[in-house]
There are 2 protein chains.
Amino acid sequence: MNAQFKKGVLELIVLKSVVNKDMYGYELVEEVSKVVDVNEGTIYPLLKRLTNDHHFETYLKESTEGPPRKYYHITASGILYEENLEEEWVEFASKVSGFLKEKKK
Amino acid sequence: MNAQFKKGVLELIVLKSVVNKDMYGYELVEEVSKVVDVNEGTIYPLLKRLTNDHHFETYLKESTEGPPRKYYHITASGILYEENLEEEWVEFASKVSGFLKEKKK
DNA sequence: TTTAGTACTTGACAATGCAAGGTAGTATGT
DNA sequence: ACATACTACCTTGCATTGTCAAGTACTAAA
């Protein structure tokens, strides 16, 4: 997969995932991987960024299957940010698709 | 506009433009700007990259409206590359859209 | 001759993804 | 007890690519 296409979109996919329900990092890596190839070294720094920007809050929870999990919960600011980003993506994607189709004629 | 969405897509838009007809840099800046905001400092290095990678060939042509124009002509390799990239983009965009819709439920 | 428009180039910078490595806890098999 | 594997988290250094800002140079119109 083209690595460059992902730029910015990963953030949107992570936000959109966490909107639905609180999730922990490792779980997000697997969730996001269903849509685009991604590895841990990408997701963890991204989660830290979004938390620093107050789009996420975190809490720890014990697990019976390994070390404690750090859950990410979306904030009000995160919800707004996600809605905005999604709108921008839809508009962007449709512009690009429109251009490609136009040139195809 | 989200700067990150553009990564990789600009290359596709530039390639797709030049597939149709030979174009010069300044003309491409204006053409591409119809789809996504972009500035000269982005396009010229991109054209140089694509030329170095043998996806474009160039030639100079005099102009009555300023300095000579450097025209870009797509090569066979460039055509293949463009087709590939376009295919990847379509697949990528549809995956992302699909994910967003699925989460919306 | 000054200004505006066309045209190209470059260098320092920022954002973001990747590869590779490290730390730990739990569970399973020997 | 020990090794292995899976879960879970985190960090560092790097590459790629877009942005900003500045500079060069030619033509034409005021």
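Numbered from 1 within each chain, the chains take letters A, B, ... in sequence-line order.
- Taking 4.0 angstrom as the limit, A:R49 places none of its side-chain polar atoms (N or O) nearer than this to OP1 or OP2 of D:dC10.
- One finds no side-chain N or O of B:Y26 lying less than 4.0 angstrom from the OP1 or OP2 phosphate oxygen of C:dC8.
- The 5' end of DNA chain C is approached more closely, in terms of each residue's nearest nucleotide, by B:E30 than by the other of A:P68 and B:E30.
- Mapped onto DNA chain C by nearest heavy atom, A:G66 and A:V9 fall at different nucleotides, with A:V9 at the one closer to the 5' end.
- Between the NZ atom of A:K61 and the C1' atom of D:dC9 there is a distance of 18 Å, given to the nearest Å.
- For B:Q4, whose side chain is taken as the heavy atoms from C-beta onward, the closest listed nucleotide among D:dG18, D:dA8, C:dT16 is C:dT16.
- For the pair B:I43 CD1 and C:dT6 P, the interatomic distance rounds to 17 Å; values are reported in whole Å.
- Contact annotation for B:G25: backbone-only contact, meaning every heavy-atom pair under 4.0 Å involves sugar-phosphate atoms and none involves a base.
- In this model, the phosphate group of C:dC18 is approached by a side-chain N or O of A:T42 to a distance below 4.0 Å at OP1 or OP2.
- With hydrogens and angles left out, the side-chain atoms of B:D53 and B:Y81 include no donor and acceptor closer than 3.5 Å.
- Rounded to whole angstrom, the span from the CG atom of A:L28 across to the P atom of C:dG17 amounts to 14 Å.
- Judged by distance alone, with hydrogens and angles left aside, A:E40 brings a side-chain donor or acceptor within reach of the base of D:dC9, the pair sitting under 3.5 Å.
- Dashed line: the shortest gap from a side-chain N or O of A:K48 to OP1 or OP2 of D:dC9 is not under 4.0 Å.
- Residue B:N39 places at least one side-chain N or O under 4.0 Å from the OP1 or OP2 atom of D:dC20.
- The aromatic rings of A:W89 and B:F5 sit perpendicular to each other, their planes meeting at more than 60°, with 30° as the lower class boundary.
- Separating the CG atom in B:L80 from the CG atom in B:L15 is a distance of 11.5 Å, to the nearest 0.5 Å.
- For the residue pair A:S17 and A:L28, the shortest heavy atom distance occurs at CB-CD2, 3.8 Å.
- Here B:Y24 reaches the OP1 or OP2 of C:dA7: one of its side-chain N or O atoms lies under 4.0 Å away.
- For B:L60 and D:dA25, the CG to P distance is 16 Å, given to the nearest whole Å.
- A:L100 CG to A:K95 NZ: the interatomic distance, rounded to the nearest 0.5 Å, is 14.0 Å.
- Residue B:Y44 places no side-chain N or O under 4.0 Å from the OP1 or OP2 atom of C:dT10.
- For B:S63 and C:dA7, the shortest distance from a side-chain N or O to OP1 or OP2 is below 4.0 Å.
- Protein atom CG of B:L50 is 14 Å distant from nucleotide atom P of D:dT16, rounded to whole Å.
- Contact between the side-chain N/O atoms of A:R69 and the OP1/OP2 oxygens of D:dT7 is not found at any separation under 4.0 Å.
- One can place CD of B:E65 at 14 Å from C1' of D:dA29, the figure rounded to the nearest angstrom.
- Proximity of A:Y72 to A:L47: side-chain heavy atoms (C-beta onward) are separated by under 4.5 Å at one or more points.
- Phosphate contact (OP1/OP2 of C:dA15, side-chain N/O of B:K6, threshold under 4.0 Å): absent.
- Following rounding to the nearest Å, B:L46 (CG) and D:dC20 (C1') show an atom-to-atom distance of 17 Å.
- Separating the CD atom of A:E62 from the C1' atom of D:dA8 is a distance of 12 Å, rounded to the nearest angstrom.
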